[in-house]
Peer 1: 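Dumping the structure here so I can ask a few things about it.
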Amino acid sequence: MGDVPIRGRWSLVTGASSGLGADFAREMAKRGSHVVLVARREDRLLVLAEELTGEHDVKVEVVPLDLCDPDAAGDLYLRLAEKDISANVLINNAGFGVRGAFIDNHWSREEALIRVNIATLVQLTKLFLPAMAARGYGRIMLVASTAAYQAVPNYAVYGASKAFVLSFGEALGSELKGMGVTCTVVSPGSTATEFHEVAGHTHTPTGRRMRMSSAEVARIGIEAMLKGKPTVVTGLRNSVLVGLGRLLPRRMTTAAAGFVMKKTHSKLPNDDEVKT
């Protein structure tokens, strides 16, 4: 399935206040899509909205919302319905990580992670998919991670959440064949965003050299989604590592993931949470 016209259609982007979410929104606006921006930090959303409307001939709707709230997905759906906005493209980008040994991490943060990374993502997809199927057109993106392809010590709950996203997205994509709607799972590796600070760590010099830019990851993801590809791992290095990992026993990939984390990341002295 090739590229489809999205000019004049609405795209909904979660986690749009910074990083990949903001760059996904920029990519869609560049292609002429109207954009709904969703995140907690309204001030950042308003700045981005001004940028997008100033540079492109598109409409932008700002919806400040905490996606940790169990009612957030339903609230968002109703707000857009009241404004007669129907999302033709759904980019489920919002999410965050929690670094550290599972035994030491606070349950409140891990519970919030599961809510945003899994429950809200699935509920938003459930809510917006039926209208796409009825129209015979739609594009859904689920943002996973290279962490989805193996267990990651000291990122146990985050890695497991992204493994869920990958499995859910691949299954959903198969179910949607022939409907005119596609689901694309995008799995970035290390990317230059606020993600790592939110998770409670920063990059070592080695880790910084391995990062891709957020803009490049977003471009790759959007192009794959518009073409209807089922999955994409961003960047050649990441694709090679994921491919090699599939050839090795899981115990080896788990150990390797733990080793890489130690070499490329260091803990921040203050790991206060700041979600997108």
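The shown structure was predicted, so the numbers you read here are calculated from the model rather than taken from an experiment.
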Peer 1: Taking C-beta and beyond as the side chain, do V36 and V13 meet within less than 4.5 Å on heavy atoms?
Peer 2: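 No, every pair of side-chain atoms sits at 4.5 Å or beyond.
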
Peer 1: Can you name the closest pair of heavy atoms from C68 and A112 and give their distance?
Peer 2: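 Nearest heavy atoms, C68 then A112: SG-CB, 3.7 Å.
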
Peer 1: Can you tell if the side chain of M28 reaches within under 4.5 Å of the side chain of V89, non-hydrogen atoms only?
Peer 2: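 The answer is yes; the side chains approach within 4.5 Å.
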
Peer 1: Considering non-hydrogen atoms only, spot the tightest contact between L52 and A29 and give its length.
Peer 2: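 The answer is CD2-CB, 3.9 Å.
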
Peer 1: Do the rings of F168 and F164 sit parallel, tilted or perpendicular, given the 30° and 60° boundaries?
Peer 2: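 Correct class here is parallel.
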
Peer 1: R44 and S17: side chain to side chain donor-acceptor pair (under 3.5 Å), yes or no, with the steps?
Peer 2: CA-CA 5 Å; R44 293 196 178 194; S17 61; 5.2 Å; no

Peer 1: Going by heavy atoms in the side chains, are R31 and L226 under 4.5 Å from each other?
Peer 2: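 A side-chain contact exists here, since the closest heavy-atom pair is under 4.5 Å.
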
Peer 1: Roughly how far, to the nearest 0.5 Å, is CD1 of I140 from CZ of F128?
Peer 2: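 Separation between the atoms: 10.5 Å.
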
Peer 1: Taking C-beta and beyond as the side chain, do N92 and L124 meet within less than 4.5 Å on heavy atoms?
Peer 2: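 They are in side-chain contact.
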
Peer 1: Indicate whether the side chain of S214 and that of D23 have a donor and an acceptor atom separated by less than 3.5 Å.
Peer 2: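 There is such a pair between these side chains.
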
Peer 1: Given the ring of Y137, does R9 sit roughly above its face, with NZ or CZ under 6.0 Å from the centre of the six-membered ring and within 45° of the axis?
Peer 2: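 Output yes; distance and angle both within limits.
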
Peer 1: Taking the side chain as everything from C-beta on, heavy atoms only, tell me whether Y158 gets closer than 4.5 Å to E110.
Peer 2: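 They are not in contact (no side-chain heavy atoms under 4.5 Å apart), so the answer is no.
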
Peer 1: Are L113 and F102 in one and the same hydrophobic cluster, where Ile, Leu, Val, Met, Phe, Trp and Tyr link if side-chain heavy atoms are under 4.5 Å apart?
Peer 2: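 As far as the 4.5 Å side-chain criterion goes, F102 and L113 are connected within one cluster.
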
Peer 1: When you compare the side chain of R109 with that of N105, does any pair of heavy atoms fall below 4.5 Å?
Peer 2: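 No, every pair of side-chain atoms sits at 4.5 Å or beyond.
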
Peer 1: Where do Y149 and S187 come nearest, in terms of heavy atoms and distance?
Peer 2: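 Distance-wise, the nearest heavy atoms are CE1-OG, 3.7 Å.
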
